[in-house]
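First the proteins, then the strands, lettered A, B, ... as listed; each starts at 1.
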Amino acid sequence: MNYHFNDIEAKWQKYWAENQTFKASNTSDKPKYYVLDMFPYPSGAGLHVGHPLGYIASDIYARYKRHKGFNVLHPQGYDSFGLPAEQYAIQTGQHPAITTDTNIKTYRRQLDQIGFSFDWSREVRTSSPEYYKWTQWIFIQLFESWYNKDNNQAESVDTLILKFSSEGNAHINADCDADITIFSSEEWSALSSEQQQDILLKYRLTYLAETEVNWCPALGTVLANDEIVNGVSERGGHSVMRKKMTQWSMRISAYAERLLQGLETIDWTDSLKESQRNWIGKSVGASVVFNVNNHDEVIEVFTTRPDTIFGVSFMTLAPEHDLVSKITTADQNAHVEAYIQATAKRSERDRMADVKTISGAFTGAYAEHPFTKEPLPIWIGDYVLAGYGTGAVMSVPCGDQRDYDFANHFNIAIPNIFEGIDISEEAYGSKDNVKIANSDFLNGLNYKKASKTAIYELEKLGQGEGKTNYRLRDAVFSRQRYWGEPFPVYYVKGKPQMIDKVHLPIRLPDVEKYLPTETGEPPLGRADVWAWCTKNNKVVSNDLCHSEQSEESHNGVYPLELNTMPGWAGSSWYFFRYMEDAMRDETFASEDALNYWENVDLYIGGSEHATGHLLYSRFWVKFMKDRGFVNVEEPFKKLINQGMILGTSAFVYEAIHGEKSLHVYLSSDLIEGPNFIDSTHPKWGEIVNVCKIEGSKLNLRLIHTDVSFVITSDELDMEAFKNWRPEYKTAKFITHEDKTFKVKREVEKMSKSKYNVVKPDQIVKDYGADSLRLYEMFLGPLEQAKPWNTAGITGVHSFLKKLWKLYVDDNGLKVNDAEPTKDALKTLHKTIKKVEEDIENFSFNTSVSTFMIASNELTALKCTSKAILEPFLILLSPYAPHIAEELWSRLGNEQSISIASFPKFEEKYLVESSKNYPISFNGKMRFTLELPMDMSKDDIEKTVMAHEKTIAQLDGRPPKKVIIVPGKIVNIVG
RNA sequence: GCUGAAGUGGUGGAAUUGGUAGACACGUUGGACUUAAAAUCCAAUGUCCCCUGGGACGUACGGGUUCAAGUCCCGUCUUCAGUACCA
């Protein structure tokens, strides 16, 4: 009986589905374990072989944990809001919900055929109203909260209002907007409701504010910082400009320090933690206030080098700084104005591409040095970023290269305040080995002491204080898109109002087109039924709504928010949703479920989410913890990034004349080095003949061909290539001697445009899911990037066939109750040990080799003993579950192998009586010698020294030293 | 520039605390079976040198520590990923 993998796999996939084998229970005596894959976005292109890599790894771990007696939660779902479905909707008019649904079906089919042990009963989709009801609910909670820095956590705004009405806001230590004015309790009470709402908005964890956003005109939406790569949009590569817009923002900056500290408590890779640390960008220094001569205004700056305060020779403001227009003198006005115009025109990308050019303008105004009272010229320059710190710097040219270059360019003085350091060529930016000089009371001090002293003196003057700054900005939370969560928000007299949670979800309205409106409003501006009736608590027709956002209404009908939430909203809390399986309508996740499952024990996914999803999720979890909705501080305890699977592209050499193709193709083994051949080529006669060219040189170019036309060993299926496209119909091939045509191979990113995409579907059909699973793991370490080459799959496939033969032959089952041999027991137990260690270390590639070795050994031993072959199946079952189930049931087991307990490793079977010692001379192994394990050091030495090969090696020389490590090695020095 | 990861045969990759480098596969070559192909099985396969047997070299490069280094230390180079005027 042969190994009919397609039948076996279909049979067990059906069995698992029908028996709900992998359904997790929220009540169990077993310890819990939660294994999660990063949320997939169901794209129209479906899965390629790179996608399931992480899913296979997590599935192996989940199955292993079940064997180890854990109650495992291993769910899957879809991050189903997103741009591609909406772009498709814009082009075709197809509702994104329909596209998304189709794509999900494809995904599900593709996932199912690989045999994952997902608990599909807990599936979530971010775009389904029963899910986004709770995303809206969390948004409301954020709106209803403020961050109290006194006890370092978020609280309900009720506590804030209470304080306002009893004591005003003077003593409130909140993370809030910068432009807060101080008021007393009486003043608070005297304010109108609208005024109070305005003030509260400055404290809320999600707030509406006019912010400078990254506007992407091509996509018609704003983008978060992490959605921009190299100055262009991550999706589509469109240009991005700065624009002021009123947007919802998330006060993630309030959590900067906790997000930083929390990294110490979680088991993530160093590179990922480092990315988050950089993104949070904590820097410790001082805030310094400079008075502006002849003005009431002051310039506040942040510096990490308060010790260099006496090295300041000018001030630089960002061109966008508010003060610029106020302080610029009349004679400099035209100059400054022209400079601001010029910098505003430059896109973010130009600015980044061109960091070498120094530009700036003098405002004509002077600031006053807090200690020396010297006048400091105030410049503007685009090397100062409006978005970081206060948008202004105190320029210390001797200590900062950018300031140095700027000073040099504009002939500004560069005072040296470092003792014994030459700054004639460049600034001295290091904090180490400095002694401050020419700095009054700081002279002779090092960085640390000088900084401390400077801050102390500044505080005495009331012109500064120690300060910690974070690069992390508040996250913009509005998107001008259709396919996202609608906000549960309507506007009364321009003030945002939350819809009561009992009326959630607020469903996405229908629109007839998915584009922004003619007046530039987001797509929801096209909806006809998109107003909120506060009397009936219903979304009603816009016809009933007579007010603009800024007006009072007479019938209680108000306009709803037109923006939608960003992609990261739904993915910032989905891991809690999986915990709840029964009361999903009543709660986002019940207390019992949250208490039982806590957080994700193992999270596997790509590293591209380092500063987006993985940071936002941590933020929301900390917030939800503060407000008592969940009881964990971090969402993901351990996180592993799987490496990318690269494609192995195939190229053919095409003969060309100028840019024109001659439709003649040359086998790659005929080409060496450069992209041309000449009359010295052995096949030149044939080539000239076929190409019908004159001259003594033929130019070639490499063109991609589809990898599916390449049969084993880089051989091109020439007929398939000819039929690929009309222009190849007449292709002529110059082949190798044996009439085969070889392609050139190169490893590149797997992508449609490179024709190197391999889909799991065909692999599963040809070799089976078990082969695919094993091969994906066999390719190499999980975290590493590695190229895919379908040819190699025959290795693991023939392993499975050999394994099958170990259990089954033409007469049926071979396995019997024979007493296991010592050698077979040894093979089994060393395999148990190795596989267990490998899985615990996420070293799945080496396990596959171990299975192959074990199978080869057991075949050589002609092992038929059930006592060996049955536990061996359990070891294999996380990796190749279908074949394991099939053989397991043929052995007479009635229950699924997935709940069988993992075999116990016993050291005693591995104990050896002898050791094959390597005998080295000066560290080089010359021969091996089988010696008893219990032989003493002296006896080993005697035996080895007496050996004829030793005598031959030494050739009469007396050994200087003999090193013997019992059980390991013998090394003779001589 | 900075941060992180890595560099081992023709290829993917093994090698536990320093202790037989190249496990396991792919590919290649030769052989068996077959009318043939596929499938399967067997053998060889780091490079170089001479006939067996062995010898020399060999884990990016240059040094060092050690009886012994892919592994530890110092320096250099290269590749990949992330990040970038952050004051």
Side-chain angles (χ1 to χ4, degrees), chain A residues 2 229-230 269-275 277-279 281-283 285 301-305 308 316 351-352 354-356 358 381-385 387-396 399-403 405-406 429 469-472 607-608 610-611 641 643-644 646 648 712-714 745 747 774-775 778-781 783-796 798-799 801-802 805 833-834 837 841 843 845-853 856 916-928 952 959-965 967-974:
Chain A
N2 286 326
V229 176
N230 293 329
T269 60
D270 288 339
S271 67
L272 202 53
K273 287 188 185 182
E274 201 54 34
S275 294
R277 283 193 197 104
N278 288 339
W279 198 258
K282 179 179 184 175
S283 43
V301 301
F302 173 75
T303 177
T304 53
R305 297 294 300 273
T308 63
T316 315
R351 243 167 108 157
M352 272 164 52
D354 176 29
V355 299
K356 292 266 146 51
I358 295 158
D382 68 359
Y383 81 95
V384 177
L385 303 177
Y388 182 75
T390 59
V393 300
M394 59 176 223
S395 302
V396 184
D400 183 288
Q401 194 58 42
R402 293 156 304 171
D403 295 341
D405 294 339
F406 194 89
N469 216 29
Y470 299 90
R471 192 178 83 113
L472 184 68
S607 54
E608 66 272 20
T611 50
N641 290 129
M644 207 194 315
L646 305 165
T648 310
T712 46
S713 8
D714 303 344
R745 293 288 203 162
V747 172
L774 283 171
Y775 188 52
F778 188 62
L779 282 179
E783 292 98 325
Q784 240 170 59
K786 51 218 168 247
W788 177 269
N789 192 351
T790 305
I793 201 169
T794 54
V796 293
S798 58
F799 155 68
K801 284 199 276 194
K802 281 187 247 172
K805 283 190 195 153
K833 182 167 191 261
K834 177 74 176 144
E837 280 170 6
N841 294 321
S843 172
N845 54 326
T846 48
S847 288
V848 181
S849 307
T850 304
F851 292 135
M852 290 174 174
I853 293 166
N856 290 344
N916 195 22
Y917 279 91
I919 313 299
S920 307
F921 292 82
N922 298 320
K924 285 188 169 62
M925 203 281 288
R926 292 302 171 187
F927 61 94
T928 59
K960 284 192 195 125
K961 204 172 177 183
V962 178
I963 312 270
I964 293 163
V965 185
K968 280 243 159 103
I969 198 172
V970 177
N971 190 17
I972 298 163
V973 188

Checking A:D400 side chain against A:V396 main chain: does a donor-acceptor pair fall under 3.5 Å?
-> no

Could you pick out which residue, A:G281 or A:Y775, lies toward the 5' side of RNA chain B when each is mapped onto its nearest nucleotide?
-> A:Y775

Looking only at heavy atoms, what is the nearest atom pair of A:Y383 and A:T316, with distance?
-> OH-OG1, 3.3 Å

Given the rule in the side-chain contact (heavy atoms from CB on, under 4.5 Å) test, do A:N845 and A:S843 qualify, once you have shown the distances and angles that lead to the verdict?
-> CA-CA 6 Å; A:N845 54 326; A:S843 172; 3.6 Å; yes

Which whole number of Å gives the distance between the P atom of B:rU76 and that of B:rC2?
-> 11 Å

Between B:rA87, B:rU16, B:rA21, which nucleotide gets closest to the side-chain atoms of A:V384?
-> B:rA87

Which is it for A:N2 and A:K801 under the side-chain contact (heavy atoms from CB on, under 4.5 Å) test, yes or no, and what are the steps along the way?
-> CA-CA 8 Å; A:N2 286 326; A:K801 284 199 276 194; over 6 Å; no

Per-nucleotide protein contact along nucleotides 40-48 of chain B, 5' to 3', at a 4.0 Å heavy-atom cut-off (B base, S sugar-phosphate only, - neither), is SS-------

In whole angstroms, how far is the P atom of B:rA84 from the CG atom of A:L472?
-> 13 Å

Side-chain atoms of A:T928 come closest, of B:rC24, B:rU20, B:rA87, to B:rU20

Counting heavy atoms from C-beta on, name the nucleotide in B:rA56, B:rU3, B:rC86 closest to the side chain of A:R926.
-> B:rA56

Mind telling me whether B:rG30 is syn or anti, cutoff 90° either side of 0?
-> anti

Without swapping roles, check the side chain of A:N971 against the backbone of A:G923 for a donor-acceptor pair under 3.5 Å.
-> yes

Can you check whether A:R402 has a side-chain N or O nearer than 4.0 Å to OP1 or OP2 of B:rC86?
-> yes

Measure from CZ on A:R305 to C1' on B:rC86 and round the result to the nearest Å.
-> 15 Å

Can you list the stems that include RNA chain B, where a stem is three or more consecutive Watson-Crick or G-U pairs with distances under 3.5 Å?
-> B:1-7 with B:77-83, B:10-12 with B:24-26, B:27-32 with B:40-45, B:46-49 with B:54-57, B:60-64 with B:72-76

Say you pick atom P in B:rG31 and the same atom in B:rA25; how far apart are they, in whole Å?
-> 23 Å

Output the single nucleotide from B:rG19, B:rC24, B:rU16 whose closest atom is nearest the side chain of A:N856.
-> B:rC24

Sugar-phosphate only, base, or nothing, as touched by A:T846 at under 4.0 Å among non-hydrogen atoms = sugar-phosphate

Could you check whether A:S849 gets within reach of a base, just the sugar-phosphate, or nothing at all, counting any heavy atom under 4.0 Å?
-> base

How would you label the contact of A:E783 with the nucleic acid (heavy atoms, under 4.0 Å): base, sugar-phosphate, or nothing?
-> nothing

Just how far, in rounded Å, is P of B:rA25 from CZ of A:F851?
-> 14 Å

Is the closest side-chain heavy-atom distance between A:N856 and A:K802 below 4.5 Å?
-> yes

Over how many whole Å does the gap from A:N278 atom CG to B:rG82 atom P extend?
-> 14 Å

Working for side-chain contact (heavy atoms from CB on, under 4.5 Å), residues A:W788 and A:L779 | CA-CA 8 Å; A:W788 177 269; A:L779 282 179; 3.6 Å; yes

Note: for A:G792 and A:M925 on RNA chain B, the residue whose nearest nucleotide lies more 5' is A:M925

Using the P atoms only, state how far B:rA38 lies from B:rG53, rounded to an integer number of Å.
-> 34 Å

Do any side-chain nitrogens or oxygens of A:Q784 fall under 4.0 Å of OP1 or OP2 in B:rA5?
-> no

Taking atom P in both B:rG70 and B:rG62, what distance in whole Å separates the two?
-> 14 Å

Testing B:rC24, B:rA87, B:rG82 for proximity to the side chain of A:S275, the answer is B:rG82

Which word best sums up how the rings of A:F799 and A:F851 line up, parallel for under 30°, tilted for 30 to 60°, or perpendicular for over 60°?
-> parallel

Derivation and outcome, side-chain contact (heavy atoms from CB on, under 4.5 Å), residues A:N789 and A:R745 = CA-CA 10 Å; A:N789 192 351; A:R745 293 288 203 162; 4.3 Å; yes

Is A:S395 near enough to B:rA87 that one of its side-chain N or O atoms lies under 4.0 angstrom from OP1 or OP2?
-> no

B:rC86 P sits how many Å from A:Q401 CD, rounded?
-> 11 Å

Indicate yes or no for a side-chain donor-acceptor contact from A:K786 to the backbone of A:P781 under 3.5 Å, with no hydrogens or angles considered.
-> yes

Rounded interatomic separation in angstrom, taking CD1 from A:I969 and P from B:rA15 | 19 Å

Show each protein N/O and nucleotides 61-71 of chain B N/O combination with a separation under 3.5 Å, one pair to a line.
residue, atom, partner, partner atom, Å
B:rC67, O2', A:N971, ND2, 3.0
B:rC67, O2, A:N971, ND2, 2.7

Roughly how far apart, to the nearest Å, are B:rC80 and B:rU8 at atom P?
-> 14 Å

Look only at the side chain of A:Y917 and the backbone of A:G967, and say whether a donor-acceptor pair between them is shorter than 3.5 Å.
-> yes

Go through B:rU20, B:rC86, B:rA15 for me and flag the one nearest to the A:R471 side chain.
-> B:rC86

What is the distance from CG of A:D382 to C1' of B:rC86, rounded to the nearest Å?
-> 15 Å

Any N/O donor-acceptor pair, A:K968 side-chain to B:rU17 base, under 3.5 Å = yes

Expressed in angstrom and rounded to an integer, what is the separation of A:D405 atom CG from B:rG1 atom P?
-> 17 Å

What integer number of Å spans the C1' atoms of B:rU28 and B:rC73?
-> 41 Å

Between B:rA69 and B:rG19 - C1' atom distance, rounded Å | 10 Å

Heavy atoms under 4.0 Å, any strand shown: does A:N845 hit a base, just sugar-phosphate, or nothing?
-> sugar-phosphate

C1'-based separation of B:rC72 from B:rG82 [nearest Å] = 29 Å

Specify the closest pair of heavy atoms between A:S283 and A:T304, including all atoms of both residues, with the distance to one decimal.
-> CB-CG2, 3.8 Å

Non-hydrogen side-chain atoms of A:M394 and A:T308 separated by less than 4.5 Å | yes

Taking all non-hydrogen atoms of both residues, which atom of A:I969 and which atom of A:P918 are closest, and how far apart?
-> CG1-O, 3.7 Å

Is a side-chain donor or acceptor of A:R471 paired with a backbone partner of A:Y388 at a separation under 3.5 angstrom?
-> no

